[in-house]
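Take a look at the structure below.
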Protein chains: 2
Amino acid sequence: MLSDVMEDYLKAIYVLQTESGPPVSTSAIAERVGKTPPTVTSMLETLEERGLVEREKYKGAELTEEGRTVALEVLRHHRLLEAYLAERLDYSWSEVHEEADALEHHISEEFERRVASALGDPAVDPHGDPIPGADLEPPADDDTRPLTEVAVGDRVVIARVSDRDDEELEYLDRAGITPGTTVEVVDIAPFGMVTVVGGPDREPHGSDADGDGGEREQSLPEAIAGAVRVRPVEEVNGAAATDAGVGGA
Amino acid sequence: MLSDVMEDYLKAIYVLQTESGPPVSTSAIAERVGKTPPTVTSMLETLEERGLVEREKYKGAELTEEGRTVALEVLRHHRLLEAYLAERLDYSWSEVHEEADALEHHISEEFERRVASALGDPAVDPHGDPIPGADLEPPADDDTRPLTEVAVGDRVVIARVSDRDDEELEYLDRAGITPGTTVEVVDIAPFGMVTVVGGPDREPHGSDADGDGGEREQSLPEAIAGAVRVRPVEEVNGAAATDAGVGGA
DNA sequence: GTGAAGGATTAGACGAGTCTAACTGAAATA
DNA sequence: TATTTCAGTTAGACTCGTCTAATCCTTCAC
């Protein structure tokens, strides 16, 4: 049986690997799980003995297929929980992360099934992150890119928002930059400040927006814009695009 | 911060204390938490240092007020979770225990509040056990007694059913002996075998009962009947009618 | 090609929680 | 009261996950 701690490392490696490809460095893992590098080295050894990662000393680590499956299971739990909390217990999308982190290691398979089915097998969580399927196959790459890489004049749909930082999330929530919203980039200033215009085209999360539904202009610092991924508006294909359970409740 | 493990010990001590009064023996705790007696001794020392239990060597242990508050918090989590799982995720009352055990240490105060309010602040869990209030005051003694102590001819309401053993629970579920059911004791045979007649007078838990709503005769072995607590029929709601401290352990 | 910088690993220690084996104390019995 | 029994405790060891300090690569700049 794997400990919670191991599951956390595996999840961290998976996410890092997805963001920037393998191999993943010791220090990147350390940073993400909030431990020191020696601790990570030693855990990596354990994980390697168990066949969950492969690593090359001084280079970095990579999940084995088994390790990836475990990571996807944890991620599925995490994102299903986030979706459930937002949809059934009235959490706002910026609040769900921490609770899901605490619970993700402790739910049974039965619980997972019941939650998934209560929600109708949602494809994405409230931040727009894809929820791995019950088969635990890695999700296909999507066609999103960071908001910082969009050209001025483009109209795009907010696809997802990194759930790493609470303050960022609050900021974006107040700014109305939520998954599913369509915006147009009107300016990219020095230092990466991105200005967008647009607003929710369906109901927003959490407390309701003010009446001006849709044409606010927002300027986002680069640090925040970089945490937002977008996709082209014209996208309509079945799985990812419009429905997909994004708009909580 | 208290570990999950400590919370488990505290919960165990609380329950044992409630069942048979303080002090609680090392071996009783060991049995309940599934650890060896030396392990318990050593944990008891830790708990004493932290001011959560008082103990007298070779005699036994007792919760301090602070220890009791922690135990009640855990119990509140446990029972709220059981109630939520049964009511909102379609678990049957015999399935909820294990899931709640795993989750009880990891939910936030916020989660506790939301679950409680989603359910309308329920007073009892699906097994009939009282859910401690948000104030964490110890619940008053109730007027229940074990089914084995009822006189032949008495009509009584099933108040609660011990949630310790899955098989017992399944057995009782199939037999229709569920909290809220009114039964009449028609016989007490040698070896404590108790025969009752009756059935659900309100809706049963889990899958619906067959049409014959209420006159099956059931014979329960003593081991099982002892896990069932009952109260007089004339009792109407949870507001504890009189002070008749009969069943009080 | 050499050296400096900086990330990674090794070494060693520690606290938590657990165990088994050995011993101690308390309580019941004779 | 002396003995026996058995629960409770002490002793000592082990695993896990963690840390700090010291050392060891690798790589990048010159």
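In the text below, chain A, chain B and the rest are named by the order of the sequence lines, each starting its count at 1. From a predicted model like this one, the values you see are computed outputs, not experimental measurements.
Distance, B/Arg55 CZ to D/dG8 P: 11 Å, rounded to whole Å. Regarding A/Glu45, its CD atom lies at a distance of 8 Å from the C1' atom of C/dT9, rounded to whole Å. Spacing between atom CG of B/Leu47 and atom C1' of C/dA16 amounts to 13 Å, rounded to whole angstrom units. Taking atom NZ on B/Lys59 and atom P on C/dA26, their separation rounds to 7 Å, with Å as the unit. In this entry the distance linking CG of B/Asp8 with P of C/dA16 reads 17 Å, nearest Å.
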Using atom names, set out every protein N or O paired with an N or O of nucleotides 4-7 of chain D below 3.5 Å, distance rounded to 0.1 Å.
none

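The stretch residues 14-24 of chain A has no heavy atom under 4.0 Å from DNA chain D, so no residue of it qualifies as close.
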Could you go through residues 21-32 of chain B and list every donor-acceptor pair under 3.5 Å that involves a side-chain atom there, pairing it with any protein atom two or more places apart or in another chain?
{"residue": "B/Ser25", "atom": "OG", "partner": "B/Ser27", "partner atom": "OG", "Å": "3.3"}
{"residue": "B/Ser25", "atom": "OG", "partner": "B/Ala28", "partner atom": "N", "Å": "3.0"}

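In summary, B/Arg76 and B/Glu112 engage in a salt bridge, as defined by a charged side-chain N under 4.0 Å from a carboxylate O. At a threshold of 4.0 Å, the pair A/Asp101-A/Lys11 counts as salt-bridged, since one of the basic side-chain nitrogens sits closer than that to a carboxylate oxygen. Note on B/Arg113 versus B/Glu110: salt bridge recorded, some NZ/NE/NH1/NH2 to OD/OE distance being below 4.0 Å.
A/His78 meets the ring pair (Phe, Tyr, Trp, His ring centres under 6.0 Å) test with A/His97; sequence neighbours excluded. For B/Thr39, the side chain to side chain donor-acceptor pair (under 3.5 Å) partners at least two apart in sequence or on another chain are B/Thr36.
In this structure, B/Lys57 does not reach the C/dT24 phosphate: none of its side-chain N or O atoms is under 4.0 Å from OP1 or OP2.
Across all strands, A/Glu56 comes closer than 4.0 Å to no nucleic acid atom at all (heavy-atom distances).
At distances below 3.5 Å, not a single donor-acceptor pair connects side-chain atoms of B/Arg229 with backbone N or O atoms of B/Arg160. Of the possible polar contacts, none joining the B/Arg68 side chain to the B/Leu10 backbone as a donor-acceptor pair under 3.5 Å is found.
Within a 6.0 Å sphere centred on CD of B/Glu170, heavy atoms belonging to other residues, nucleotides or ligands number more than 12. Open room surrounds CD on B/Glu167; 12 or fewer heavy atoms of other groups in view lie less than 6.0 Å from it.
In this structure, A/Arg114 is positioned above the aromatic face of B/Tyr91, its NZ or CZ under 6.0 Å from the six-membered ring centre and within 45° of the axis.
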Nucleotides 13-21 of chain D: protein proximity per nucleotide (B base, S sugar-phosphate only, - neither; heavy atom, under 4.0 Å): ----SBBBB
